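Input: a single structure, listed below in structure tokens.
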Amino acid sequence: MKALKIIGIIIAVLAVVIFVTIQLLPDEAHISRSISIDASPGEVYREVVSFKNFTAWSPWSAKDTATVYTAEGPVQGVGAKLSWKSESDQVGSGSMKIVEVEPGALVKTEMKFEGFDSAPNASYIIEEVDGGTKVTWTYDETGISGIGRVFGLMMDKFLGPDYEQGLKNLKARIESAPEATTDISVGFVEPYDYLGVSFTTDMSMIATKMAQSYGTLMSYMGKEGIEMSGKPIAVCTLWSEEQVAFTCGLPVSVPTSDLAEGIVRESIPAGLAVKSVYMGDYNDSGVAHEEIEAYVNYAGYEFAGPPWEEYVTDPMEEKDTAKWVTNVYYPVQ
């Protein structure tokens with residue numbers, strides 16, 4: 001009996017020691033892995049600010065190809081959410097939602113895992129470095145209690161290798177993207193109205209018809225006292241070897257009625273668009289359209305309406321065509 005009593009005391013002491021030790025362990029966990037990617041910060045940011053192609057580089061996708069993914073909210077940015085369900089112990093079920101962004105610099109997500117009350121954060125920190133971009137992928141969990149503190153100490157060992165593989169996959173994906181000479185980004189476009197003149201013609205007459213259309217618009221708006229609220233645009237509604245059709249437009253913000261014959265009021269709808277910033281003579285702007293098309297195919301988007309060009313630079317004020325800036329937009333989904 002004495003021996004049992006001694007054993008009981010030892011077990012009790014060990015239990016107290018273990019309890020006290022656990023309470024002294026950190027109540028937070030942090031891991032961090034980095035990689036350099038041969039791409040601009042903007043190219044990296046546009047990949048991680050959306051979950052659209054997350055499964056293409058996620059280190060967990062290959063661990064269970066039967067995982068079911070469900071996207072919610074906006075396609076990118078704050079509020080974008082991806083949930084997953086898996087029977088694999090290596091993947092589990094849960095969700096992650098983007099809660100903070102700094103364009104070109106940071107994307108922060110909040111995660112939930114089925115069966116756990118915690119809400120850890122994972123962030124992508126993007127920094128420009130010589131020769132490319134440094135991406136740091138972090139994991140942070142606070143308020144860990146009980147036995148969870150022990151697992152917190154082992155988090156780096158458990159999760160670190162997955163982060164390393166994921167960053168390698170991300171690097172390979174981004175570096176395999178189509179090369180572009182223009183600055184391509186994906187973002188939301190706010191809606192606005194414009195007065196326009198439409199025409200259909202062949203390739204040889206595009207410049208002439210556009211000049212006539214803008215002349216008609218400017219003359220009409222000047223006579224009516226209507227001011228432009230933005231830069232001139234041209235919406236392409238038809239493009240073929242035989243014919244092209246455009247609506248040349250000047251943005252307006254005031255109500256208009258009883259428009260002159262041949263002048264219409266149209267709208268650029270709100271939505272997601274791929275944008276290319278092209279610099280140079282208008283005659284060579286086709287490269288921007290080609291590069292957008294290549295990126296859209298690579299990224300898995302679908303075209304969702306007619307494209308348009310926005311002419312940022314006034315040729316009457318800037319004579320050097322190399323400095324002319326044209327924004328090219330393609331709505332996508």
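The shown structure was predicted, so the numbers you read here are calculated from the model rather than taken from an experiment. Numbers here simply count residues along the sequence, with the first being 1.
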As an exercise, state the distance from [atom1] of [X] to [atom2] of [Y], rounded to the nearest 0.5 Å.
X    : Y    : atom1 : atom2 : answer
Y330 : S276 : OH    : OG    : 9.5 Å
K171 : T133 : NZ    : OG1   : 10.0 Å
L195 : T216 : CG    : OG1   : 12.5 Å

Is it the case that atom [atom1] in [X] sees more than 12 heavy atoms from other parts of the structure closer than 6.0 Å?
X    : atom1 : value
K323 : NZ    : no
M203 : CE    : yes
D89  : CG    : no
E72  : CD    : yes

M111 and Y139: CA distance, side-chain angles, deciding distance, side chain to side chain contact (heavy atoms under 4.5 Å, CB included) verdict = CA-CA 10 Å; M111 297 180 290; Y139 174 96; 3.6 Å; yes
State plainly whether the residues [X] and [Y] are in salt-bridge range, i.e. N to O under 4.0 Å.
X    : Y    : value
K108 : E102 : no
K63  : D162 : yes
D156 : R33  : yes

N/O donor-acceptor pair under 3.5 Å between [X] side chain and [Y] backbone:
X    : Y    : answer
S213 : K209 : yes
S123 : I125 : no
E291 : T181 : yes
R46  : I184 : yes
S58  : F54  : no
E141 : H30  : no
E175 : D38  : yes
N121 : T109 : yes

message = Parallel, tilted or perpendicular: which one describes the rings of W137 and Y163, with boundaries at 30° and 60°?
response =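 Parallel, since the angle between the ring planes stays under 30°.
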Would you tabulate the side-chain donor-acceptor contacts of residues 223-232 under 3.5 Å, counting partners in other chains and residues two or more places apart, or write 'none'?
from	atom 1	to	atom 2	distance (Å)
S229	OG	P251	O	3.3
S229	OG	V252	N	3.2

ask   = Can you list the steps and then say if W84 with T70 is a side chain to side chain contact (heavy atoms under 4.5 Å, CB included)?
value = CA-CA 6 Å; W84 66 91; T70 304; over 6 Å; no
ask   = When hydrophobic residues are tied together by side-chain contacts of less than 4.5 Å, even through go-betweens, does V68 share a cluster with M96?
value =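 No; tracing contacts between hydrophobic side chains, which count when under 4.5 Å, never links both residues.
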key: Residue among V48, I35, N53 satisfying side-chain contact (heavy atoms from CB on, under 4.5 Å) with L170   = V48
request  = Check whether any side-chain heavy atom of Q76 sits under 4.5 Å from a side-chain heavy atom of L272, and report yes or no.
outcome  =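 In short, these two side chains touch, coming nearer than 4.5 Å.
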message = side chain to side chain contact (heavy atoms under 4.5 Å, CB included), that's the test. Do T55 and Y69 meet it? Break it down for me.
response = CA-CA 9 Å; T55 57; Y69 296 92; 3.6 Å; yes
task = Would you please indicate yes or no on a ring centroid separation below 6.0 angstrom for Y329 and W308?
result = yes
ask   = Within 45 degrees of the axis of the six-membered ring of Y301 and under 6.0 Å from its centre: does K52 put its NZ or CZ there?
value =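 Yes, cation above the ring, under 6.0 Å and within 45°.
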